[in-house]
Amino acid sequence: MDGHTLELLGVSKIKELVAARAACSLGKEAARALEPSRDPAEVAARLAVTTEMVEALRSGLRPPLGGLHDVRPLVRRARIGAMLEAEELSQVAETLRSVAALGDWLERHGGNFPRLGGMRADVGEFGSVRTAIEGCLDARSKVLDTASRRLSTIRREMEEVEARIQEKLRSMLRSAEVKRALRYGNFTMVGHHYVLPVAKDHRGEIPGSVQRTSASNETVYVEPAAIADKSAQLSFLRGREQKEIRRILRWLGAQVGQVADSLLGTLANLGELDLIHAKARHAIDYRMRAADLSADGGLVLRRARHPLLEAIFRRDPALLVEPPSPAAVETDEPVSTASPPPQPKREVVPIDAHLGLRFRILVITGPNTGGKTVALKTVGLLAVMTQMGLHVPAAEGSRLPILDQVLADIGDEQSLEQSLSTFSSHVRRVSEILGKANERSLVLLDELGAGTDPAEGAALGRAILDELDSVGCLAMVTTHIGDLKTYALSNPRAENAAVEFDVETLQPRYQVHIGDVGQSNALKIARRLDMPEHLVARAQRYLDQAQGSTIPEWELIARMRKEAETARQEAIAAAADAERSRDAAAQRLLALEMESRREVDLAEARARLQPGDKVVVPRLGYDRPGRVVKIDPRKKTAAVAIGHVTWDVAVDELVPQETAAPVVARPDRSRTPRLEDFHD
């Protein structure tokens, strides 16, 4: 899609909101690389798997993503034969443990969430590599003595030599002459050398080599000549130890290299799983849902909220920017370091909008700061988010088409480097948009016709609207030019909308009313602000002379179209309610069918029971399975051994182990999930 539009809409910030909810760097990288798709099947699949993860998280089934690291650079190095350090191999092993846990999670819950379960096939098995690493390294990434026989022998020899060195030093410390020369009565180590802390004035009394001198020069750390041979032997053994450790690490790296291709593919797949998990967390945090995909190209948004505006009001950490430090502020005024006063909680006002049903072009009018631009950005951003496989903050019944392009000209994009005026910049951008737009595009134009003479701006605006109409794209346009308010009245494929403004409080209400024509309310606002009444009255006379004394015909037409739009909104709401009722009924039917299927499967499994089969007897309260000893078909009873006790129970009370964890219907969202709703 058009990169300039994606930047205007704030898509990169949406990616950051998602990335902040990923569990590891793999998911964060995948979130930042998200791009909208134009393939309806791919978009539907993305939305469906995100919906499954939302349901899993709401059911308390969170994927075990802890311990998953981006070890791809390490794996690539291992593939070309490079040696990995012990700490790097420990990180690989931790990741492989996470891979195994995630594979088990996908397999265990794939029955309830088939799209997530389908990802299990792309998760490889690396148990042997993990076992090899864990068998050679301890929890602190140290190579174990048992990693190889040679290493075990070397370290045993090192312990024996160190024991002889320590014994010799303890023997020296028992000597009165040696004690007199020491700063304190014990030996210590400098690097890998055993030394005695000799006072500076007694340096010549203990022969040996100086390894270090204290900062005050009062203590000299001397390796006694009496242990020189054993120290040399110990240094030789340490060299052999390091050589053997490097050999072991190279061998472990080779094990990783042998599975490099499969492991890299698995990590890419699990990065996608983490991305799905991040999308679902984002959807839950912001009360989002998957919009339906419309096959007819219609766009319907019900109670849609701008997600970035809501994130700003919530002060989402992913969008917070650190304020400049006082030293960075160039001012002569004192800088206050006090915390700002708490701001009142603000809520995003939801909007309703639709395109492509009766009209394809929507012309929005109304005062500045009334929400016109936010309405454009909300529609454009939600359309892009859907094609990225993200849920959107909109009510049930919302549906969006798959678009080839979302093209926007929003805000003042004046180019100082090229000395272009605001108007020139907008004209060039609109020309670029018209060259790219087709019938599967959504075009968003802010302040159409502004920046020049109102008459010429209106004429140019009408020409642009005509061109958009001939292209057949979906379009939302905002304007202040009065003449463009009548465009929709002469074009059946266009409609007016207005943003609501409270004249009494002089505050915008941000609601978008399709079918209304926005009024400037300049005279009402002037009167509200105590402008002299005779000036307001004179202005009213001038306005009446310009418009004529009778109500223009277009106002009557606008009123009729508003009534029709009200009826249409009621129909859309009724359709959404009907769809919700239909979905609820389908869910209840599915639950009944699954329960019925479970009962049939359970009855068939009981009929197949033989002595020796494992069963669970819920009535007895045991959570471990028992074993069938014998079955009496005539009495329909069975003897079941649980531990050292044998129980006589009815066959109908037995749950064969093969059906002890049946597939259950997805939980009802209308109540809080309980532990007994879920089966691992």
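Looking only at distances, no side-chain donor or acceptor of Thr479 sits under 3.5 Å from a matching main-chain atom of Glu447. Asp446 places no side-chain N or O within 3.5 Å of a backbone atom of Asp409 that could act as its donor or acceptor partner. The main-chain N or O of Ile361 is never found under 3.5 Å from a side-chain atom of Arg493 such that the two would form a donor-acceptor pair. Side chain of Arg428 to backbone of Ser431: no donor-acceptor contact under 3.5 angstrom is found. With hydrogens and angles disregarded, no donor-acceptor distance shorter than 3.5 Å links the side chain of Arg77 to the backbone of Pro73. Formation of a donor-acceptor pair under 3.5 Å by the Arg79 side chain with backbone atoms of Asp261 is not found in this model. For Lys15 (side chain) and Leu34 (main-chain N/O), a donor-acceptor pair under 3.5 Å exists by modelled atom type.
Across Val379 and Ala353, no two heavy atoms sit closer than the pair CG2-CB, 4.3 Å. For the pair Gly124 and Ser262, the tightest heavy-atom approach, listed with the atom from each and the gap, is CA-OG, 4.4 Å. For the residue pair Ala278 and Val18, the shortest heavy atom distance occurs at CB-O, 3.3 Å. Taking every heavy atom of both residues into account, Ala304 and Leu301 meet most closely at CB-CB, 3.9 Å. Minimum heavy-atom separation, Ser398 to Arg302: OG-N, 3.0 Å. Across Ser25 and Asp70, no two heavy atoms sit closer than the pair OG-CB, 3.1 Å.
With 3.5 Å as the limit, one finds a donor-acceptor pair spanning the side chains of Ser441 and Asn438.
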Take Leu293 and Leu47 through the test side-chain contact (heavy atoms from CB on, under 4.5 Å) and record every step on the way to the result. CA-CA 10 Å; Leu293 300 182; Leu47 291 173; 4.0 Å; yes
Going through the checks in order, is the salt bridge (charged side-chain N to carboxylate O under 4.0 Å, His left out) test met by Glu432 and Arg429? CA-CA 5 Å; Glu432 182 182 344; Arg429 175 61 181 162; 3.3 Å; yes
Step by step, work out the side-chain contact (heavy atoms from CB on, under 4.5 Å) result for Val392 and Met288. CA-CA 5 Å; Val392 295; Met288 297 180 178; 5.6 Å; no
One pair to check against side-chain contact (heavy atoms from CB on, under 4.5 Å): Leu355 and Glu495. What are the steps and the verdict? CA-CA 9 Å; Leu355 290 168; Glu495 182 57 278; over 6 Å; no
Set out, in order, the CA-CA distance, both residues' side-chain angles and the distance that settles side-chain contact (heavy atoms from CB on, under 4.5 Å) for Met53 and Arg115, then state yes or no. CA-CA 9 Å; Met53 184 63 80; Arg115 292 175 182 83; over 6 Å; no
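At a threshold of 4.5 Å between non-hydrogen side-chain atoms, the residues Glu35 and Leu6 count as touching. Side-chain contact between Leu263 and Val129 is absent, with no heavy atoms from C-beta onward closer than 4.5 Å. Contact check for Val256 versus Phe126: no side-chain heavy atoms found under the 4.5 Å cut-off. Under the 4.5 Å side-chain criterion, counting only non-hydrogen atoms from C-beta, Leu382 is in contact with Pro307. With contacts defined as side-chain heavy-atom distances shorter than 4.5 Å, the pair Leu381/Val11 qualifies. Arg97 has its side chain within reach of Arg130: a pair of non-hydrogen atoms, C-beta onward, lies under 4.5 Å apart. In this structure the side chain of Arg38 reaches within 4.5 angstrom of the side chain of Gln405, judged on heavy atoms. A heavy-atom distance below 4.5 Å is found between the side chains of Leu68 and Leu267.
Ser294 OG to His354 NE2: the interatomic distance, rounded to the nearest 0.5 Å, is 13.5 Å. A distance of 11.5 Å separates CG in Leu26 from CD in Glu272, rounded to the nearest 0.5 Å. The CG atom of Leu8 sits 11.0 Å away from the CG atom of Leu376 when rounded to the nearest 0.5 Å. Atoms CE and CZ, from Met388 and Arg46 in turn, are 8.0 Å apart once rounded to the nearest 0.5 Å. Remark: Leu116 CG to Leu273 CG distance equals 7.0 Å, nearest 0.5 Å. Atom CG of Leu403 is separated from atom SG of Cys473 by 10.5 Å, given to the nearest 0.5 angstrom.
Of the candidates Val499, Leu444, Ile410, Ile410 is the only one forming a side-chain contact (heavy atoms from CB on, under 4.5 Å) with Thr373.
Tyr286 does not carry Arg305 over the face of its six-membered ring by the limits of under 6.0 Å from the centre and within 45° of the normal.
A salt bridge does not link Glu396 to Arg287: none of the charged side-chain nitrogens sits closer than 4.0 Å to a carboxylate oxygen. Taking 4.0 Å as the cut-off between side-chain N and carboxylate O, Lys28 and Asp274 do not count as a salt-bridged pair.
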